[in-house]
Student: 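Attaching a single structure in structure tokens format; questions to follow.
Chain naming here is simple, since letters A, B, ... match the order of the sequence lines and numbering starts at 1 in each.
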Amino acid sequence: MKRLASSVSAVIAVCIGGSLWAAEPANYPAPRAPEKIYAQTCGYCHGVNVGPVIRGRELPPEVTKAFVRMGPNAMPAFRETEISNEELDALATWLQQSEADPKERGQ
Amino acid sequence: MSGINRRTLLGAAGAIGATAGAAALVNSRMAKGQTVADVNAFMKEMQSIVGEEWAYWDPEGLLPYDKAYVPEPTDQLHPVGAVAPRTVEEVQAIVAAANRFRQPIWPISTGKNMGYGTAVPATPGQVVLDLKRMNRILEVDPDLGTCLVEPGVTYQQLKDYLEENNIPLWIDVPTVGPIASPMGNTLDRGVGYTPYGEHFLFQCGMEVVLPDGQLMRTGMGSIKGSTAWQSFKWGYGPYVDGLFTQSNYGIVTKLGMWLMPEPPAYKPFMIRHPNMEDVPAIIEAMRPLRVSNLIANCNLMMSASYQLSMFKRRDSVVPDGAPLDDASVKRAAKANGLGMWNTYFALYGTDETVAAIEPVVRQVLTASGGEVLTEAEMGDNPWFHHHATLMKGGLNLDEIGMIRWRGSGGGLAWFAPVAAAKGDEAERQTRLARQILDKYGFDYTAAFAIGWRDLHHIIALLFDRSNAEEHRRADTCYREMVSRFGEQGWASYRTGVNTMDLVAQQYGAVNREFNAKIKQALDPNHIIAPGKSGIA
Ligand SMILES: Cc1cc2nc3c(=O)[nH]c(=O)nc-3n(C[C@H](O)[C@H](O)[C@H](O)COP(=O)(O)OP(=O)(O)OC[C@H]3O[C@@H](n4cnc5c(N)ncnc54)[C@H](O)[C@@H]3O)c2cc1C
């Protein structure tokens with residue numbers, strides 16, 4: 001019972017620290033770096049068996065951009081409102097120049 | 001060019017080629033009576049509201065709005081344009097223009113309604129209202145465990161925000177969290193897998209742009225100075241939030257939600273049952289544990305074939321063209337540490353509460369004929385890992401692998417009939433589903449989401465969309481499932497844009513008329529999402 005009380009109060013203590021967390025002024029997120037977009041979108045599928053490995057293959061940027069906007073077959077399409085043209089240009093170039101990651105697998 | 005194979009080039013050529021070919025399609029996408037000039041005039045007006053770069057009606061710009069996984073062999077459903085506002089005022093201006101031009105608009109938040117239509121509208125001739133750019137997290141209250149978000153906020157964004165600010169609250173995700181949104185998912189009454197998994201139950205307060213352009217806040221939100229908008233769901237008088245889910249009565253621009261405090265202890269479990277016939281025993285064992293809330297999260301009871309489809313390809317289990325027989329599935333499942341049914345749940349609380357509940361749960365579930373397994377036995381088994389991640393609101397897209405189970409053509413339609421949480425009902429549904437799927441040569445890749453007192457029977461109709469014959473067959477099969485389940489008193493909790501009318505029919509004429517009357521009263525020009533849930 002003592003541990004129960006102390007675990008609960010630990011949670012409560014952490015929460016109180018924040019008090020009312022109003023994200024003011026709430027800003028729109030800034031453009032994201034290619035690594036971040038890869039990690040938070042592409043990399044959930046590519047390199048983990050959902051999609052083919054796409055790093056370290058010198059994929060031409062035009063190919064990457066066409067796949068991202070169209071979403072062929074099982075791949076979802078991504079709109080400009082999700083990945084801006086500016087972000088996609090940088091991502092496609094980064095991907096072309098990227099090294100293969102030996103931990104990734106794909107089919 | 002060394003690393004590029006023939007398939008990639010073919011795919012890219014297809015992708016680029018489609019852009020050119022699409023020009024011819026524009027006319028065939030129009031609604032009856034709508035002309036190219038009508039669309040041009042409306043879209044020019046949209047440019048003046050949101051800026052030139054955020055209105056699309058050229059074939060290339062529309063491509064990502066046109067992606068679909070659902071069967072739609074008649075090829076009628078395509079948007080004619082898309083517009084992406086950034087503020088509520090812009091949304092109001094768009095709604096005013098839509099009324100003036102009599103141009104229907106189809107709101108999406110993140111537009112990743114995959115297997116239900118993605119961003120594609122339910123009738124031809126609509127302009128997609130893409131709210132993804134409205135992506136601010138407006139407030140998180142760590143004491144109350146509440147938040148207020150705009151439509152374009154993804155689960156990934158919310159989770160990052162909580163982590164970056166050390167706020168010990170969890171999110172609850174559908175299986176496709178990274179690219180989907182709390183707003184879109186909740187408004188379509190989607191589900192996730194922590195104790196906050198029935199998303200609409202944990203929604204609290206909305207801001208809505210009504211079809212006449214007025215801005216309404218529900219619950220306590222319209223009380224000046226109220227601090228309880230995200231804490232008290234009901235407000236005063238009729239409770240209206242439900243009217244804005246699975247409907248076309250308004251455009252939701254802010255959504256309040258409850259977030260679960262991170263529990264000190266979290267312990268995921270898997271129960272492995274050996275036979276297809278174990279369905280009723282599992283449901284009967286789970287029900288009392290769920291109804292009493294001893295098990296508090298929404299459980300996934302996954303068939304072996306559904307599980308295999310996530311990480312394997314069909315031709316690694318049976319040869320191409322052969323039926324997916326139980327013996328082969330069982331063999332493949334066993335080789336991967338899986339049973340014919342694999343039910344995942346977790347205990348949340350403190351070490352003491354978990355230790356107190358675990359023996360009760362173990363006893364009930366072992367008596368049902370299942371092996372009760374934890375991380376100690378399952379280790380880094382990818383399926384166990386996947387579900388253990390989901391049940392604490394973690395992010396991945398692993399399940400999308402299932403769309404490549406059967407050919408690479410990318411076809412998926414969810415058929416999701418509801419039942420009461422009774423073993424015999426689940427068994428009868430399983431039998432009927434398998435009978436119909438067998439008849440059309442498709443696989444029973446299905447799961448039961450075990451809710452508090454209900455079952456969502458989640459049947460993934462997986463097909464090769466690039467094969468025209470198979471595409472047509474999937475469509476016929478889906479429709480037969482809807483009607484034959486309907487005859488037994490079972491209807492879907494949600495459906496794709498291709499079958500919204502058909503599912504609405506199952507719910508009967510009085511309900512349809514009631515929905516139609518509300519629509520007529522609120523949106524006499526029928527400009528918001530005609531066809532959504534079968535409401536014109
Ligand atoms: C492999 C796989 C697994 C999946 N697992 C799950 C799961 O576990 N649980 C689940 O629920 N779903 C699941 N889905 C289905 C779907 O992908 C998710 O539900 C997803 O969250 C919906 O997309 P979204 O969040 O982008 O919503 P959106 O597509 O943005 O919205 C969905 C619909 O809600 C309405 N809508 C959206 N925003 C507004 C608004 N602001 N105002 C008015 N109406 C609006 C529109 O009708 C829209 O079409 C899965 C799909 C796949 C492919």
Student: To check you understand the geometry: which heavy-atom pair defines the closest contact between B:Ala84 and A:Thr81, and what is its length?
Tutor: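 So the two residues come closest at CB-CG2, 3.5 Å.
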Student: If the contact rule is any heavy atom under 4.5 Å from chain A, which residues of residues 148-157 of chain B qualify, in numerical order?
Tutor: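 Result: B:Glu150, B:Gln156, B:Gln157.
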Student: Within this structure, what is the CZ-SG distance for the pair B:Arg404 and A:Cys45, rounded to the nearest 0.5 Å?
Tutor: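 Atom-to-atom, B:Arg404:CZ and A:Cys45:SG are 9.5 Å apart.
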Student: So does B:His385 have more than 12 non-hydrogen atoms from other groups sitting under 6.0 Å from NE2?
Tutor: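 Atom NE2 in B:His385 is not crowded, with 12 or fewer foreign heavy atoms closer than 6.0 Å.
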Student: Which atoms of A:Gln96 come close to chain B, meaning under 4.5 Å heavy atom to heavy atom: side chain ones, backbone ones, both, or neither?
Tutor: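 Neither part.
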Student: Quick one: does any side-chain atom of B:Lys67 pair with a main-chain N or O of A:Asn73 as donor and acceptor, under 3.5 Å?
Tutor: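 Yes, B:Lys67 side chain to A:Asn73 backbone: donor-acceptor pair under 3.5 Å.
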Student: Tell me, for B:Arg133 versus chain A, whether the close heavy atoms (under 4.5 Å) come from the side chain, the backbone, both or neither.
Tutor: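 For B:Arg133, heavy atoms of backbone and side chain both lie under 4.5 Å from chain A.
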Student: Measuring from atom CZ of A:Phe78 to atom OG1 of B:Thr110, what distance do you get when rounded to the nearest 0.5 angstrom?
Tutor: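 A:Phe78 atom CZ to B:Thr110 atom OG1 measures 11.0 Å (nearest 0.5 Å).
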Student: If we ignore angles and hydrogens, is there a donor and acceptor under 3.5 Å between the side chains of B:Glu53 and A:Asn85?
Tutor: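 Note: B:Glu53 and A:Asn85 side chains miss the donor-acceptor criterion.
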Student: Whether A:Arg69 and B:Glu60 form a salt bridge (side-chain N of Lys/Arg under 4.0 Å from carboxylate O of Asp/Glu) is what I want to check.
Tutor: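 A:Arg69 and B:Glu60: not salt-bridged.
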Student: Select one option (side chain, backbone, both, neither) describing which atoms of B:Leu395 are under 4.5 Å from chain A's heavy atoms.
Tutor: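 The answer is both parts of B:Leu395.
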Student: Please name the pair of heavy atoms, one in B:Leu397 and one in A:Val50, separated by the smallest distance, quoted to 0.1 Å.
Tutor: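 In terms of heavy atoms, the two residues are closest at O-CG2, 4.0 Å.
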Student: Are side-chain heavy atoms of A:Arg79 and B:Ile108 found at a separation under 4.5 Å?
Tutor: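 Counting from C-beta outward, A:Arg79 and B:Ile108 do come under 4.5 Å.
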Student: Output yes when a side-chain donor or acceptor of B:Tyr69 lies under 3.5 Å from a complementary backbone atom of A:Ala74, and no otherwise.
Tutor: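 Between the backbone of A:Ala74 and the side chain of B:Tyr69 there is a qualifying donor-acceptor contact (under 3.5 Å).
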Student: Does A:Tyr44 reach the side chain of B:Ile179, with side-chain heavy atoms less than 4.5 Å apart?
Tutor: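 Heavy-atom side-chain distance check fails, nothing below 4.5 Å.
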Student: For B:Asp160, is it the side chain, the backbone, both, or neither that has a heavy atom closer than 4.5 Å to a heavy atom of chain A?
Tutor: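 Just its side chain gets close to chain A.
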Student: Taking side chain as C-beta onward, heavy atoms only, is A:Pro76 less than 4.5 Å from B:Thr118?
Tutor: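 With C-beta onward as the side chain, the pair stays apart.
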Student: Can you list everything that forms a ring-ring contact (aromatic ring centres under 6.0 Å, His included) with B:Trp258? Sequence neighbours excluded, please.
Tutor: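 Once residues adjacent in sequence are excluded, B:Trp258 has no partner under the ring-ring contact (aromatic ring centres under 6.0 Å, His included) criterion.
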Student: What pair of heavy atoms forms the shortest contact from A:Ala77 to B:Lys112, and how long is it?
Tutor: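 So the two residues come closest at O-NZ, 3.0 Å.
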